[in-house]
Amino acid sequence: MGSAEEFRHLHADGLLLMPNAWDVGSARLLEHLGFRALATTSSGAAAARGQTDGGLASEAALRHSAELAGAVQLPVSGDLENCFADAPEGVAETIRRARATGLAGASVEDWSGTAIYERGLALERVQAAVEAAGGALVITARAENHIHGVDDLADTVERLQAFAEAGADVVFAPGIRSEEQIRAVVGGAGVPVNVLALPGVPPVERLAELGVRRLSVGGAFAFAAYGTLVEAARQLQQSGTYAYFEAAARGSEAALAAFG
């Protein structure tokens with residue numbers, strides 16, 4: 001497992017590619033491929049247990065975080081959703097417990113699961129997370145407007161600025177895609193900015209030019225793997241052929257190299 005200090009340093013210059021692993025195997029394979037940090041994914045971890053995003057309660061999410069952090073030598077940032085609490089005191093308790101898992105970082109969202117928190121409460125929750133982390137975790141504060149259909153860039157930028165002023169190490173507005181949005185967030189944040197890789201987001205080289213410091217993929221890699229599984233299964237069911245063994249051979253070779 002990597003330290004918070006190491007993780008914080010990785011944001012100092014250039015663009016950190018931080019893919020999201022959903023189980024120990026994917027974490028170790030991504031480490032073998034040369035990535036310098038990883039994150040968990042709430043949607044991918046839930047899917048691995050046959051649940052939809054948000055299905056993991058705090059105990060399961062923290063156990064999962066500890067398992068992944070202990071499986072690799074890289075810093076791992078935990079996707080802890082809204083820290084499983086509305087009140088700042090509950091957020092602080094989750095972050096204190098996260099410090100014992102071996103995570104190098106953790107995120108806190110301003111989305112309750114049904115609505116965006118009022119800005120004042122959202123700020124208090126970030127402050128609670130920062131204080132509870134005590135520097136032992138890199139805290140990523142997330143403004144969830146755009147991923148939940150709230151197209152209010154001004155509010156997003158103001159929230160992220162406030163989160164940064166409250167001590168968040170990194171800010172993140174999942175769902176922003178255009179260069180205009182990214183420039184506004186990077187220009188207003190004052191701390192490293194994470195962008196979620198989505199269709200329409202500029203390529204990695206351009207994100208680096210725009211000043212983005214970190215790129216994550218959310219559950220995309222997990223669901224890409226599930227998509228490949230569905231294609232292979234449909235091939236067996238519908239055509240009775242086995243061309244999926246080409247992809248299987250590549251996966252087996254990669255797993256042998258990573259785990260062997």
(request) Determine which pairs satisfy salt bridge (Lys or Arg N to Asp or Glu O under 4.0 Å) with at least one residue from residues 183-194, sequence neighbours left out, and list them in order. (result) E179-R183
(request) Under the salt bridge (charged side-chain N to carboxylate O under 4.0 Å, His left out) rule, collect the residues that match up with E93, sequence neighbours excluded. (result) R96
(message) Quick test of your reading: applying ring-ring contact (aromatic ring centres under 6.0 Å, His included), list the pairs with at least one residue in residues 9-45, sequence neighbours left out, ordered by first then second residue.
(response) F7-H11
(message) Under 4.5 Å side-chain heavy-atom separation, chaining through any Ile, Leu, Val, Met, Phe, Trp or Tyr, what else clusters with L236? Say none if it is isolated.
(response) Y242, Y244, F245
(request) Is it possible for you to say whether I182 and L198 belong to one hydrophobic cluster, with membership spreading through side-chain heavy-atom contacts below 4.5 Å? (result) yes
(request) Determine which pairs satisfy ring-ring contact (aromatic ring centres under 6.0 Å, His included) with at least one residue from residues 108-129, sequence neighbours left out, and list them in order. (result) W111-H148
(request) For residues 164-215, pull every pair meeting ring-ring contact (aromatic ring centres under 6.0 Å, His included), keeping only residues two or more places apart or in separate chains. (result) none
Residues 132-143, side-chain donor-acceptor partners within the protein, below 3.5 Å, at least two apart:
| from | atom 1 | to | atom 2 | distance (Å) |
| --- | --- | --- | --- | --- |
| T140 | OG1 | R214 | NH2 | 3.0 |
| R142 | NE | E144 | OE2 | 2.8 |
| R142 | NH2 | E144 | OE1 | 3.3 |
| R142 | NH2 | E144 | OE2 | 3.3 |

(message) Does anything in residues 11-28 form a salt bridge (Lys or Arg N to Asp or Glu O under 4.0 Å)? List the pairs, not counting sequence neighbours.
(response) none
(request) Not counting sequence neighbours, list each pair that qualifies as a salt bridge (Lys or Arg N to Asp or Glu O under 4.0 Å) and has a residue in residues 156-173. (result) R8-D169, D110-R159, R119-E158, D155-R159
(request) Output the distance between atom CE (M18) and atom CG (L38), rounded to the nearest 0.5 Å. (result) 8.5 Å
(request) Sort and list the pairs that fulfil side-chain hydrogen bond (donor to acceptor under 3.5 Å, both in side chains) and have at least one residue in residues 216-230, not counting sequence neighbours. (result) N194-S216
(message) Pairing donors with acceptors under 3.5 angstrom, does anything connect the side chains of D79 and S42?
(response) yes
(request) Sorted by first residue and then second, give each salt bridge (Lys or Arg N to Asp or Glu O under 4.0 Å) pair with at least one member in residues 229-254; sequence neighbours left out. (result) none
Side-chain atoms of residues 59-71: list all donor-acceptor pairs with protein atoms under 3.5 Å, sequence neighbours left out, distances to 0.1 Å.
| from | atom 1 | to | atom 2 | distance (Å) |
| --- | --- | --- | --- | --- |
| E59 | OE1 | R97 | NH2 | 3.1 |
| E59 | OE2 | R97 | NH2 | 2.7 |
| S65 | OG | A61 | O | 2.9 |

(message) My understanding is that only one of L215, L210, V171 makes a side chain to side chain contact (heavy atoms under 4.5 Å, CB included) with V193; could you say which?
(response) V171
